[in-house]
Chemist: 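Take this structure, written in structure tokens, and hold onto it; I'll ask about it next.
Every value quoted in this text rests on a predicted model; they were computed, and no experiment measured them. In what follows, chains carry the letters A, B, and so on, assigned in the order in which the sequence lines appear, proteins first and then strands, with residues in each chain numbered from 1.
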Protein chains: 2
Amino acid sequence: MSESDEIAVILERLGRVFQNDAHVAGLKPTQWEALRYLARANKFSRNPKALTVYLGMTKGTVSQTLNALDRKNLITKKTDMIDRRNVHLELTRPGKLLLEKDPIATIRKKAESLGKTNRSALSGALKQLLGAILSEHDGRAFSVCKTCRYFRGRAAGGNPHRCALLDAPLSVEDSAQICVEAEIRN
Amino acid sequence: MSESDEIAVILERLGRVFQNDAHVAGLKPTQWEALRYLARANKFSRNPKALTVYLGMTKGTVSQTLNALDRKNLITKKTDMIDRRNVHLELTRPGKLLLEKDPIATIRKKAESLGKTNRSALSGALKQLLGAILSEHDGRAFSVCKTCRYFRGRAAGGNPHRCALLDAPLSVEDSAQICVEAEIRN
DNA sequence: TCCTATTGTTTCGACTCGATACGATTTCCC
DNA sequence: GGGAAATCGTATCGAGTCGAAACAATAGGA
């Protein structure tokens with residue numbers, strides 16, 4: 001078996017193990033990912049559309065997942081008053097609290113035990129792999145706001161950060177979060 | 001975000017992307033994994049029990065998945081005549097043919113494009129990670145028969161290979177395949 | 001022979017997921 | 001301004017996943 005084969009098989013298998021581990025606290029793996037995403041996405045990206053792109057699923061499926069989370073009172077949905085087709089998603093307090101039990105922590109701990117050299121190599125190679133796959137997948141990289149070409153840092157006068165694409169102000173918090181619109185600066 | 005966090009997030013995300021890709025030819029991701037396993041497992045390991053351990057799922061779920069594959073005529077189930085509780089699983093010809101469309105190939109190609117150095121690093125680190133996780137998971141490593149401590153290679157007289165644990169003969173093919181019982185030599 | 005462990009199957013309920021059809025808006029363009 | 005087209009989200013369907021729990025059948029030991 002070639003090295004590439006091994007990588008493919010192990011990645012597939014790791015994915016399965018993680019997914020099995022993710023049946024925690026009555027939530028399904030997908031629901032955990034949605035919760036996690038909402039915790040890390042900035043205000044422009046906390047909507048069903050962005051989540052759909054992020055997860056790479058169809059909007060119908062995402063809609064159902066969000067319904068399930070809503071029923072459990074882990075998120076709220078609010079119609080945008082300016083464009084009433086849009087929906088804003090927010091974690092509720094129980095939702096935020098639940099994230100402390102996020103099963104992804106077990107993966108992190110395992111990565112921790114890997115040793116610095118191996119860990120760096122793994123992190124680098126995985127990033128490259130994910131990038132290669134997403135680019136061919138029309139999925140965006142979903143990088144952090146601050147690194148986006150449309151990000152305008154706070155000027156000398158103490159003005160807030162701004163997004164030059166959406167022409168909107170950005171809190172310090174927002175600018176450190178994930179954004180659907182993010183385009184890597186070149 | 002620490003390197004370990006990044007690794008955890010990317011692995012989770014890669015798993016999702018792969019899983020989405022695995023909806024091919026009318027099969028679900030789990031069904032593909034079962035098929036793949038059966039193609040790579042030796043005769044002692046082509047049964048529901050071993051598959052259950054390999055996939056890390058409950059036997060009920062596995063039973064259903066196997067039923068689905070049976071309905072599609074991709075596998076056969078046959079009761080063991082010696083111990084009638086056991087079931088032998090085999091790929092049918094259509095099952096084997098279908099494996100040529102295995103969506104895991106797309107992952108392999110991506111790994112291919114990674115470059116030798118990165119690829120080796122990734123392969124090594126992933127193996128270590130999977131090992132660490134499985135060991136804590138009471139999941140076995142499922143290594144290849146030949147590397148097992150119970151493997152007895154063909155003697156000078158031209159006798160067949162043998163498994164000293166099950167006290168059974170091994171074809172050349174079997175001994176190159178995955179075995180549930182495999183225990184790494186020390 | 002009875003007791004117990006092993007191996008699989010069945011059933012249940014909640015959820016996933018793609019596909020498809022819909023329902024509101026909003027936007028574009030004549 | 002008004003109608004078509006695009007956008008964003010929801011509802012429904014069918015096959016499947018998945019854990020949990022109950023249930024069968026068989027094997028093996030006391």
Chemist: What is the distance, rounded to the nearest whole Å, between atom CG of L66(B) and atom P of dT7(C)?
Modeler: 15 Å

Chemist: Of all the heavy-atom pairs spanning L99(A) and L91(A), show the shortest one and how long it is.
Modeler: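 Here L99(A) and L91(A) meet closest at CD1-CD1, 3.8 Å.
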
Chemist: Roughly how many Å is it from CD in E33(A) to C1' in dC15(C), rounded to a whole number?
Modeler: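 That distance rounds to 16 Å.
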
Chemist: Over all strands shown, is L69(B) touching base, sugar-phosphate only, or nothing at heavy-atom distances under 4.0 angstrom?
Modeler: nothing

Chemist: Remember a base hit wins even if backbone is also touched, and classify I82(A) as base, sugar-phosphate or nothing at under 4.0 Å, heavy atoms.
Modeler: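 The residue I82(A) makes sugar-phosphate contact but no base contact.
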
Chemist: Nearest whole Å is fine: how far is dT9(C) C1' from N86(B) CG?
Modeler: 14 Å

Chemist: Report the residue (M81(A) or K77(B)) whose heavy-atom-nearest nucleotide on DNA chain C is the more 5′ of the two.
Modeler: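 The residue whose closest nucleotide sits nearer the 5' end is K77(B).
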
Chemist: Side-chain donor or acceptor of R84(A) under 3.5 Å from a matching atom on the base of dT25(C)?
Modeler: no

Chemist: Can you see which heavy atom on T65(A) is nearest to which on Q31(A), and at what distance?
Modeler: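 For T65(A) and Q31(A), the tightest heavy-atom pair comes out as CG2-CG, 4.1 Å.
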
Chemist: Let me know the distance between CG of D83(B) and P of dG8(C), rounded to the nearest Å.
Modeler: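 Distance check: D83(B) CG to dG8(C) P gives 9 Å.
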
Chemist: For nucleotides 14-21 of chain D, read 5' to 3', which letter fits each nucleotide if B means a protein heavy atom sits under 4.0 Å from the base, S means only the sugar-phosphate is that close, and - means neither?
Modeler: --SBBB--

Chemist: Give the rounded distance in Å between these two atoms: NZ of K49(B) and C1' of dA5(C).
Modeler: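 So the two atoms are 11 Å apart, to the nearest Å.
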
Chemist: Side chain of N86(B), backbone of D80(B): donor and acceptor closer than 3.5 Å?
Modeler: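 No: the side chain of N86(B) does not pair with the backbone of D80(B).
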
Chemist: Quick one: list whatever passes salt bridge (Lys or Arg N to Asp or Glu O under 4.0 Å) with R84(A), sequence neighbours left out.
Modeler: none

Chemist: Rounding to an integer number of Å, can you tell me how far R85(B) CZ sits from dG28(D) P?
Modeler: 6 Å

Chemist: Checking R13(A) against Y54(B): charged group under 6.0 Å from the ring centre and within 45 degrees of the axis?
Modeler: yes

Chemist: Would you call E6(A) and K127(B) a salt bridge, using N to O less than 4.0 angstrom?
Modeler: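 Looking at K127(B) together with E6(A), the answer is yes, because their closest N to O distance falls below 4.0 Å.
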
Chemist: For the pair made of CG in N47(B) and C1' in dT9(C), what is the distance, rounded to whole Å?
Modeler: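 It is 15 Å, rounded to the nearest whole Å.
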
Chemist: Short question: side chain of N118(A), backbone of S113(A) - any donor-acceptor pair under 3.5 Å?
Modeler: no

Chemist: In whole angstrom, what separates K78(B)'s NZ from dT7(C)'s C1'?
Modeler: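 About 19 Å, once rounded to whole Å.
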
